[in-house]
Amino acid sequence: MNIRKERETDISNVYSINASAFATQEEANLVNALRDNVEGVISLVATDGDDIVGHIMFSPVTIAGSADSKLYGLAPMAVDPKFQNRGIGSLLVKAGLEECKSQNISAVFVLGHPDYYPRFGFQPSSRFGIKSEYDVPDDVFMALELEAGVLDNISGVVEYNEVFGNL
Ligand SMILES: CC(C)(COP(=O)(O)OP(=O)(O)OC[C@H]1O[C@@H](n2cnc3c(N)ncnc32)[C@H](O)[C@@H]1OP(=O)(O)O)[C@@H](O)C(=O)NCCC(=O)NCCS
């Protein structure tokens, strides 16, 4: 198992992984839209030999008044259903967060399973006075500081790129 940056030749396989892991093709289309329209997207794949078995994407988000800090959202991520529950998702999250750190990203947000992301250090973003732009339960919108204390001085609503709203 290996985690590496997505290459152009991976694009159709990444689409298939997302389409197979989620109930609809919305997330697979979102991945293409983010890659095509948003600068600074981070896209990593998990490979098993020549096969792509998982994918994770991060893209810039904003909070009004926090332009000095580089903030990203983790979304979406997917592991081929045949390969789930073997730790591949965890490898993708950890490698993705390392890549975010190396790009001086200060904090990452995720809207997702509240039993899954806390194991990587994510906490409900409400602890920092930060909310999702979507009307979701408190515990599913989470934040992780990559730069200690950065969220002490930031509060408000996390806004995702508009392509999220178009899908
Ligand atoms: C979520 C996902 C990426 C995890 O990938 P994975 O390779 O199976 O993850 P890991 O093997 O590292 O971890 C498995 C853990 O994830 C948990 N998990 C998977 N789906 C979950 C869900 N819907 N809710 C809560 N936990 C979930 C499993 O219960 C397991 O927990 P355990 O370690 O306590 O037993 C994968 O299940 C997937 O692609 N799901 C469909 C798409 C999706 O929901 N993406 C995430 C959007 S937030």
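All ligand and atom numbering here is 1-based and tracks the order in the structure. For clarity, every value in this text was computed on a predicted model and none was experimentally measured. Positions are given from 1, in the same order as the sequence printed here.
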Cut-off 3.5 Å, no hydrogens considered: what does the side-chain donor-acceptor table look like for residues 62-77, sequence neighbours left out?
residue, atom, partner, partner atom, Å
Ser66, OG, Ile63, O, 2.7
Lys70, NZ, Gln103, O, 2.8
Tyr72, OH, Gly40, O, 2.7

Extract all donor-acceptor atom pairs below 3.5 Å that involve side chains of residues 123-134 and protein atoms in other chains or at least two apart in sequence.
residue, atom, partner, partner atom, Å
Gln123, OE1, Arg127, NH1, 3.1
Ser125, OG, Ile130, O, 2.7
Ser125, OG, Phe141, O, 3.4
Ser126, OG, Asp138, OD1, 3.3
Ser126, OG, Asp138, OD2, 2.8
Ser132, OG, Tyr134, N, 2.8
Ser132, OG, Tyr134, O, 3.4
Glu133, OE2, Tyr160, N, 2.6

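Using a 4.5 Å cut-off on side-chain heavy atoms (C-beta onward), Glu145 and Asp152 make contact. You'll find the side chain of Ile17 stays beyond 4.5 Å of the side chain of Val79, heavy atoms only.
Aromatic ring pairs are classed by plane angle as parallel below 30°, tilted from 30° to 60° and perpendicular above 60°; the pair Tyr116 and Phe120 is perpendicular.
The 4.0 Å heavy-atom shell around ligand 1 contains residues Ala21, Phe22, Met77, Ala78, Val79, Gln84, Asn85, Arg86, Gly87, Ile88, Gly89, Ser90, Leu111, Gly112, His113, Tyr116, Tyr117, Arg119, ordered by chain and number.
Every pair tested for salt bridge (Lys or Arg N to Asp or Glu O under 4.0 Å) that includes a residue from residues 42-51 fails, sequence neighbours excluded, so the list is empty.
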